[in-house]
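One-based numbering along the sequence shown. Only heavy atoms go into these numbers, but all of them, side chains included; no hydrogens, no water, no symmetry mates.
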Amino acid sequence: IERPIIRLQVPGHEVKFGMFFGAGIICQGTKYYHRTKHKKGLCGFPGICMTIARFLWGIVRQDNQVVPPTHIKVSLNKQLLQKEDFMLLFVSTLDRLFFGLCPFWGTEPGPLRFTAVRTRARHLLRVLPFLARGRRVAKGTSKNGYYSHNVEEIELYLTDSVVLDGEMYTPESSQQPTLLQHGGIATFLRI
């Protein structure tokens, strides 16, 4: 099967290619997992589930200690989307994520599926279960803090680390963009 891939350029790092990029809570969760669960032998599925549960609980409680906001300036296809605090931001070329999640509801043509949730997004508990399955709901709008678009290129200006397929990278400069682009097509063997 053929799949599009992400080309990632983080300031100060070599170009990387992958299929899942994350910032905000995804990076925070990855750091937490490596710092606590992985070192204590809770590798793989059990440690990942415990990490997800911790951060979901932090989201429900709106606990900035567990889920600190990540300030990001976002530009999609050279158009400024937003400059504010995001709780969650990710980009993928996959149709589905782990646990069968399909949190994409953008309708534009484009190989990069971008989804972001603003810190303190309104109606979060009501909206998130639907959006996690790719189903639009009336309150899941950009006005309320929910974004999903299919694009060719994404520029992010941020100082926090980002994750590409489980590997973490920290931009050396927030003055230069972390750039995500369509990186071509990769062929995989379905087993």
Side-chain angles (χ1 to χ4, degrees), residues 1-27 30 69-98 100-119 121 127-128 130-137 140-190:
I1 57 173
E2 293 185 334
R3 294 267 190 253
I5 57 175
I6 298 168
R7 178 186 187 277
L8 172 66
Q9 176 63 62
V10 178
H13 298 272
E14 292 180 18
V15 171
K16 303 291 181 189
F17 293 88
M19 299 180 85
F20 183 84
F21 169 90
I25 195 172
I26 293 170
C27 190
T30 302
T70 302
H71 190 71
I72 307 173
K73 177 181 171 186
V74 179
S75 177
L76 304 175
N77 290 338
K78 305 286 185 201
Q79 300 294 315
L80 182 64
L81 171 70
Q82 210 66 306
K83 181 180 180 181
E84 60 182 294
D85 292 335
F86 287 94
M87 168 180 57
L88 167 73
L89 185 150
F90 61 88
V91 178
S92 184
T93 57
L94 301 170
D95 294 328
R96 294 197 174 280
L97 304 179
F98 57 90
L101 297 176
C102 181
F104 316 109
W105 61 95
T107 57
E108 309 89 347
L112 304 181
R113 295 170 173 221
F114 167 88
T115 297
V117 177
R118 188 174 62 219
T119 299
V127 170
L128 214 50
F130 293 99
L131 297 184
R133 294 191 309 265
R135 295 174 58 199
R136 287 183 171 271
V137 291
T141 64
S142 57
K143 178 182 163 192
N144 288 331
Y146 306 93
Y147 307 90
S148 188
H149 299 281
N150 302 325
V151 297
E152 293 283 338
E153 180 179 281
I154 302 162
E155 289 182 4
L156 306 173
Y157 291 86
L158 72 168
T159 56
D160 292 345
S161 298
V162 297
V163 174
L164 180 69
D165 293 341
E167 295 295 321
M168 212 167 307
Y169 306 96
T170 304
E172 288 185 358
S173 168
S174 63
Q175 303 306 309
Q176 296 176 313
T178 292
L179 184 63
L180 295 96
Q181 298 171 310
H182 178 230
I185 302 292
T187 304
F188 298 90
L189 179 63
R190 181 179 292 182

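- Side-chain contact between H149 and L81: present, with at least one pair of heavy atoms (C-beta onward) separated by less than 4.5 Å.
- Between F86 and Y147, the ring-plane angle classifies as perpendicular under the 30° and 60° cut-offs.
- Pairs engaging residues 167-184 under the side-chain hydrogen bond (donor to acceptor under 3.5 Å, both in side chains) rule: R7-Q181, E153-Q181, S161-T170 [sequence neighbours left out].
- The backbone N or O of M19 sits less than 3.5 Å from a side-chain atom of D165, completing a donor-acceptor pair.
- F21 is listed as a side-chain neighbour of L89, based on a closest heavy-atom distance under 4.5 Å.
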Going through the distances and angles, do V91 and I6 end up as a side chain to side chain contact (heavy atoms under 4.5 Å, CB included)? CA-CA 8 Å; V91 178; I6 298 168; 4.0 Å; yes
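- Residues satisfying the ring-ring contact (aromatic ring centres under 6.0 Å, His included) criterion with F20, sequence neighbours excluded, are F90.
- Panel note: side chain T115, backbone P103; a donor-acceptor pair is recorded below 3.5 Å.
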Show the numbers, then the answer: is there a side chain to side chain contact (heavy atoms under 4.5 Å, CB included) between L179 and I154? CA-CA 6 Å; L179 184 63; I154 302 162; over 6 Å; no
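- A 4.5 Å side-chain heavy-atom check between Y146 and V137 finds every atom pair outside the cut-off.
- With a 4.5 Å cut-off on side-chain heavy atoms, E152 and P111 count as touching.
- For Y157, the OH atom counts as densely surrounded, since its 6.0 Å shell holds more than 12 non-hydrogen atoms of other residues, nucleotides or ligands.
- Inter-residue side-chain proximity for V10 and V162 is flagged as met; some heavy-atom pair is nearer than 4.5 Å.
- In this structure, the side chains of T70 and D85 stay at 4.5 Å or more apart for every pair of heavy atoms.
- Residues R136 and T107 have side chains in contact (heavy-atom distance under 4.5 Å, counting atoms from C-beta outward).
- Inter-residue side-chain proximity for R113 and D95 is flagged as met; some heavy-atom pair is nearer than 4.5 Å.
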